[in-house]
2 protein chains.
Amino acid sequence: MSEVESFFKSAFSVDNVIFGFDGGDLKVLLIQRGAAPFRGKWALPGDLVYPNEDLDTAAERVLEQLTGLRGVYLEQVRTFGAVNRHPLGRVITVAYFSLIKVSDFALTPASFAQSARWHSISEVGELAFDHNEILDICMQRLQRKVRNAPVGFELLPEKFTLTELQQLYESVLNLPKNKGLDKRNFRKKILSMNVLVECEEMQEGVAHRPAKLYQFDRDRYHQFVAEGFSFDI
Amino acid sequence: MSEVESFFKSAFSVDNVIFGFDGGDLKVLLIQRGAAPFRGKWALPGDLVYPNEDLDTAAERVLEQLTGLRGVYLEQVRTFGAVNRHPLGRVITVAYFSLIKVSDFALTPASFAQSARWHSISEVGELAFDHNEILDICMQRLQRKVRNAPVGFELLPEKFTLTELQQLYESVLNLPKNKGLDKRNFRKKILSMNVLVECEEMQEGVAHRPAKLYQFDRDRYHQFVAEGFSFDI
DNA sequence: CGGGTTTGGTGTAAAAAAAACAATAAGCTC
DNA sequence: GAGCTTATTGTTTTTTTTACACCAAACCCG
């Protein structure tokens with residue numbers, strides 16, 4: 001094999017850290033591997049990139065095949081390329097994370113086939129390949145991102161209460177519940193940005209005083225950004 | 001060709017945006033391509049990744065072959081993988097940026113061969129491949145990074161004046177000279193972090209009052225970080 | 001050697017932002 | 001309607017950020 005040819009004896013894949021928020025906890029969607037290597041181990045959903053496929057498209061495809069969702073928040077994080085990261089050959093992988101609303105998630109045939117399951121971030125065990133490292137890095141990226149861009153809303157239903165939003169932040173930033181963020185200051189700050197609109201409706205089905213529901217106003221946010229505003233929590 | 005084989009008809013490269021600071025201006029080191037495609041065009045230094053080489057190692061190699069430097073600041077930024085970004089085949093590239101002290105830079109045989117030259121950021125023209133996009137993204141990353149990590153010092157000599165440091169920030173952040181940052185406030189802020197130590201020596205060879213020289217104290221910085229400090233300008 | 005030129009170095013006051021802190025209101029259950 | 005649970009709201013203090021102007025030190029040149 002010539003030297004030039006050997007450069008082409010390699011492949012690349014994408015791996016997608018799919019975050020969700022449910023039951024007051026940040027979760028990640030993992031699949032249990034059905035084939036070697038690492039058969040039976042939990043792993044990040046991913047796939048080789050098709051020869052005629054852009055990287056972002058591949059990440060979207062992985063997400064859609066597993067969850068049926070399109071057009072959700074997706075961000076490239078980092079590429080992992082240690083020589084021996086894949087036991088069967090030289091495969092570098094481009095890591096992405098996506099943020100989905102758990103309620104939108106429907107099991108697809110692919111997700112049955114691969115036994116997909118949500119795992120609380122704190123309860124993720126040893127994963128296949130270098131996926132623990134990838135998850136860590138994506139988690140750090142999410143923690144930074146959530147503080148200076150309005151991406152937290154991607155994890156909540158369209159309409160949410162301020163308490164839910166605060167719990168989301170406490171969960172992502174790994175702060176003690178109702179201790180990390182001061183309730184009054186949090187509300188003051190988020191409302192002062194003027195990117196939330198109050199819905200007519202109230203929370204329903206709770207055994208206590210129902211809270212107001214809010215929605216994130218994307219248009220207004222983008223307008224503010226154009227005027228120099230920057231989201232910061 | 002089987003489908004599996006076709007996955008291996010692809011290669012990956014690294015491209016390195018090498019930043020330097022000289023004459024009060026932020027610069028980037030470019031090479032003029034001697035071969036097709038894009039012969040004669042300026043481009044980012046880069047190379048295919050060897051089959052047994054880690055990505056970071058490849059980026060270090062590219063840097064060393066061009067500048068003779070090792071152990072400098074290097075950070076992976078993003079991977080560019082549009083299907084048609086390379087005219088000769090499917091090549092995805094992992095972009096890095098590095099920060100070097102221009103005074104340490106010595107032309108190596110490779111840099112002669114490739115006609116390497118520093119270009120002011122503001123005067124970079126049309127580059128080969130998607131290198132303008134890569135440069136833009138790396139520039140944005142540097143602008144963010146310089147504000148929340150002490151990486152600016154990587155671009156300055158070991159000993160520097162506070163005015164030089166301020167000019168570096170104004171240049172990287174693209175602020176009007178002596179207008180963007182208030183001199184007194186800048187000095188107050190940077191000195192209050194306690195990560196600069198005053199040298200015995202003074203600036204020499206200037207036709208005006210010489211300034212005190214300072215050094216960045218890495219050990220003290222890391223100690224502070226361990227105690228919860230975070231650099232922020 | 002003295003006046004001019006150039007950059008170096010310094011403090012304070014006002015404004016804005018962040019942090020600390022606790023009582024009342026509203027709906028539900030029984 | 002009594003009791004439980006969560007929702008909602010403002011003020012004070014502290015910290016951080018911004019705005020702003022003059023004297024000092026060295027060199028140059030005549």
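Protein chains get the first letters and strands the later ones, always in sequence-line order, with residue 1 at the start of each. Hydrogens, waters and symmetry mates are skipped; everything else that's a heavy atom, side chains included, is used.
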C:dA20 phosphate, OP1 or OP2, under 4.0 Å from A:R184 side-chain N/O: no
Side-chain N or O of B:T163 closer than 4.0 Å to phosphate OP1/OP2 of C:dT7: no
Closest heavy-atom pair and its distance - B:L63, B:I18: CD1-CD1, 3.4 Å
Write down the distance between [atom1] ([X]) and [atom2] ([N]), rounded to a whole number of angstrom.
{"X": "A:Y214", "N": "D:dA7", "atom1": "OH", "atom2": "P", "answer": "12 Å"}
{"X": "B:K189", "N": "C:dG9", "atom1": "NZ", "atom2": "C1'", "answer": "20 Å"}
{"X": "A:M202", "N": "D:dT6", "atom1": "CE", "atom2": "C1'", "answer": "12 Å"}
{"X": "A:E204", "N": "D:dT6", "atom1": "CD", "atom2": "C1'", "answer": "17 Å"}
{"X": "A:F186", "N": "D:dA7", "atom1": "CZ", "atom2": "P", "answer": "13 Å"}
{"X": "A:E198", "N": "D:dA7", "atom1": "CD", "atom2": "C1'", "answer": "12 Å"}
{"X": "B:R187", "N": "C:dT7", "atom1": "CZ", "atom2": "C1'", "answer": "10 Å"}

Upstream residue (5' side of DNA chain D) when A:D182 and A:H208 are each assigned their closest nucleotide: A:H208
Aromatic ring pairing B:F97/B:F19, orientation class (parallel under 30°, perpendicular over 60°, tilted between): perpendicular
Parallel, tilted or perpendicular, as decided by the 30° and 60° cut-offs, for the rings of A:F231 and A:F229: perpendicular
Donor-acceptor pair (no angle test) under 3.5 Å: A:R209 side chain, C:dC28 base: no
From D:dC20, D:dT5, C:dC28, nucleotide with atom closest to A:A207 side chain: C:dC28
Side chain of B:K183 (C-beta onward), nearest among D:dA7, C:dG8, D:dC20: C:dG8
B:E154 bridged to B:R218 by N-O distance under 4.0 Å: yes
Residue whose closest nucleotide on DNA chain C lies nearer the 5' end, B:K188 versus B:K212: B:K212
